[in-house]
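Here is the structure we will look at.
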Amino acid sequence: MATTLEKVKMATSEPEHSSPTPGLRRFLAGSIVTLFASLLLIGYLSPLGYMAVTSLKDLPMISDPSAPLLPSAPETFEFEGEQVPVLQVPIDGEIRPLALVQPGRQSSLFIDPANPEAAPIEWEGRWRQLEANYTTAPVWENYTTSWNTLDLTRILFNTFAIAAIGVVGTLASSICVAYGFSRFRFPFKRTLFIILIATIVLPRYVTLVPTFAFFSWIGWVGTWLPLLVPHFFANAYNIFLLRQYFLTVPKALDEAALIDGAGPLRTLWSVILPNATPAIVAVSLFHFFFAWNDFFEPLIYLAARPDLQPISVAMQQFNALYAQQPHLIQATALLGMVVPVLLFFAAQKVFLQGASLAGVSK
């Protein structure tokens, strides 16, 4: 009897609210993370979008407070050989774009640009209070003007040459030093490595004055040599990144190459480097982007040689000369970003792999 009463109570009682299923919780968590990441990405890329929009405007578009965000110009219509403005006219509760053909104080005549053969429309009111009708009109000539004014062909060649030669130097020197620290035993190895890594915290401005004095004494100021030669003597950060990656390559491969008669250099070339491609690509891109964006050293060494200046210095001078024309400045900035962005996306997969695994050692 008691069992029957319990069944009746269970049948008549209200069901308890069940907790969300694990699948639903995962979906909600993923949705929240995706929303947050999307908002963060929009906020991060909004300055780039503003640059792109501004680069397609001209000065009247930028100075017009009522103009829309996108590059747009007030629409006009040709009437009897003259360009007349097209305004947004309220007629019978509807906003229509009409061309003003006969302005007046209290009433004006308009025609429909879509049907100019129709009878003119008389509108009562002050036409100066009407808003202009805008049409999309990107000014692509800004990029041509910026390219020709800045002589971007020469500047890009200078920048690419400085960056590419520097990449060759830093790879050649950093790979040799990293290979020595990762595969050979020699006295004070750990101490020397610690001293090398400690140079990372040394500000470059500490050595700037004596370095400039030395390069000036040997007559290198006004040439590319101060920007290129130091990179042929390795870099502590690049050495550390490559060494850590070399340590992930099994030493059994070195022993197998030694059995086959390969020496240290052949082992480096045929065994270590093919297995360290992600780290090498990462170091190459790190240095390329550094050389592409470096401003201070090219400024002090090439200030008197505009024909040898890279894009960082040339663009700064261009911005100073055309400070009152932001559309040209933004167009120039976007042109200067094309090569690094394309290079990064072309090697994105290998670059991220090398940057993420370089700190992992066996």
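Computed from a prediction, not measured in an experiment: that's the story for all the values here. Numbers for residues simply follow the sequence, beginning at 1.
In this structure, CE in M337 is found 11.5 Å from CH2 in W292, a value given to the nearest 0.5 Å. Distance check: F296 CZ to S312 OG gives 12.0 Å after rounding to the nearest 0.5 Å. Interatomic distance, I200 CD1 to L196 CG, rounded to the nearest 0.5 Å: 7.0 Å. Put simply, CD on Q244 and CD1 on I239 are 12.0 Å apart, with the number rounded to the nearest 0.5 Å. A distance of 11.0 Å separates CD of E131 from CD of Q129, quoted to the nearest 0.5 Å. With values rounded to the nearest 0.5 angstrom, W123 atom CH2 is found 10.5 Å from L98 atom CG.
Residues I155 and F288 share a hydrophobic cluster, clusters being chains of Ile/Leu/Val/Met/Phe/Trp/Tyr side chains in contact below 4.5 Å. Under the 4.5 Å side-chain heavy-atom criterion for ILVMFWY residues, no single connected hydrophobic cluster contains both M315 and V313. M51 and I62 fall into different hydrophobic clusters, where Ile, Leu, Val, Met, Phe, Trp and Tyr residues are linked whenever their side-chain heavy atoms come under 4.5 Å apart, directly or through other members. L228 and L299 fall into different hydrophobic clusters, defined by Ile, Leu, Val, Met, Phe, Trp and Tyr side-chain heavy atoms under 4.5 Å apart, directly or through other members. Hydrophobic clustering (ILVMFWY, side-chain heavy atoms < 4.5 Å, transitive): F160 and L308 are in distinct clusters.
Between the side chain of N133 and the backbone N or O of L87, no donor-acceptor pair lies under 3.5 Å. No donor-acceptor pair closer than 3.5 Å links the side chain of N235 to the backbone N or O of H231. Looking only at distances, a side-chain donor or acceptor of N158 sits under 3.5 Å from a matching main-chain atom of Q309. Judged purely by atom type and a 3.5 angstrom limit, S174 has no side-chain atom pairing as donor or acceptor with the backbone of L171. The main-chain N or O of L69 is found under 3.5 Å from a side-chain atom of K57 such that the two form a donor-acceptor pair. Put simply, the side chain of T170 never gets that close to the backbone of V167: no donor and acceptor are under 3.5 Å apart. Between the side chain of T248 and the backbone N or O of Y245, at least one donor-acceptor pair lies under 3.5 Å. The backbone N or O of Y179 lies less than 3.5 Å from a partner atom in the side chain of S182, making a donor-acceptor pair. Listed for the T207 side chain is a donor-acceptor partner under 3.5 Å among the backbone atoms of R204. Formation of a donor-acceptor pair under 3.5 Å by the T149 side chain with backbone atoms of S146 is not found in this model.
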Identify all side-chain donor-acceptor contacts of residues 252-263 below 3.5 Å with residues at least two apart in sequence or on another chain.
{"unit_1": "D254", "atom_1": "OD2", "unit_2": "R183", "atom_2": "NE", "d": "2.6"}

Can you give me every donor-acceptor pair (side chain of residues 103-111, partner residue at least two apart or in another chain, under 3.5 Å) with its distance?
{"unit_1": "S108", "atom_1": "OG", "unit_2": "G104", "atom_2": "N", "d": "3.0"}

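For the pair D112 and R96, the salt-bridge criterion is met [side-chain N within less than 4.0 Å of a carboxylate O].
Centroid-to-centroid, the aromatic rings of W147 and Y143 stay 6.0 Å apart or farther. In summary, the aromatic rings of F240 and F181 are positioned with their centroids too far apart to meet the 6.0 Å limit. Between Y301 and F212, the ring centre distance stays below 6.0 Å. A centroid separation of 6.0 Å or more is found between the aromatic rings of F290 and F286.
Residue Q83 places its CD atom among more than 12 non-hydrogen atoms of other residues, nucleotides or ligands, all under 6.0 Å distant. Counting non-hydrogen atoms of other residues, nucleotides and ligands closer than 6.0 Å to OH of Y44 gives a total of 12 or fewer. At most 12 non-hydrogen atoms from other residues, nucleotides or ligands lie less than 6.0 angstrom from CZ of R126. More than 12 non-hydrogen atoms from other residues, nucleotides or ligands lie less than 6.0 angstrom from CD of E124.
No side-chain heavy atom of P310 sits under 4.5 Å from any side-chain heavy atom of L156. Under the 4.5 Å side-chain criterion, counting only non-hydrogen atoms from C-beta, T211 is not in contact with P226. With a 4.5 Å cut-off on side-chain heavy atoms, F186 and L192 count as touching. Between I165 and F232, some side-chain heavy-atom pair lies under the 4.5 Å cut-off.
Taking each heavy atom of A323 and I329 in turn, the nearest pair found is CA-CD1, 3.9 Å. Residues L227 and P298 come closest through the heavy atom pair CD2-N, 3.9 Å.
Alongside L59, the hydrophobic cluster contains no other residue (criterion: ILVMFWY side chains under 4.5 Å).
With 3.5 Å as the limit, one finds no donor-acceptor pair spanning the side chains of T54 and Q330.
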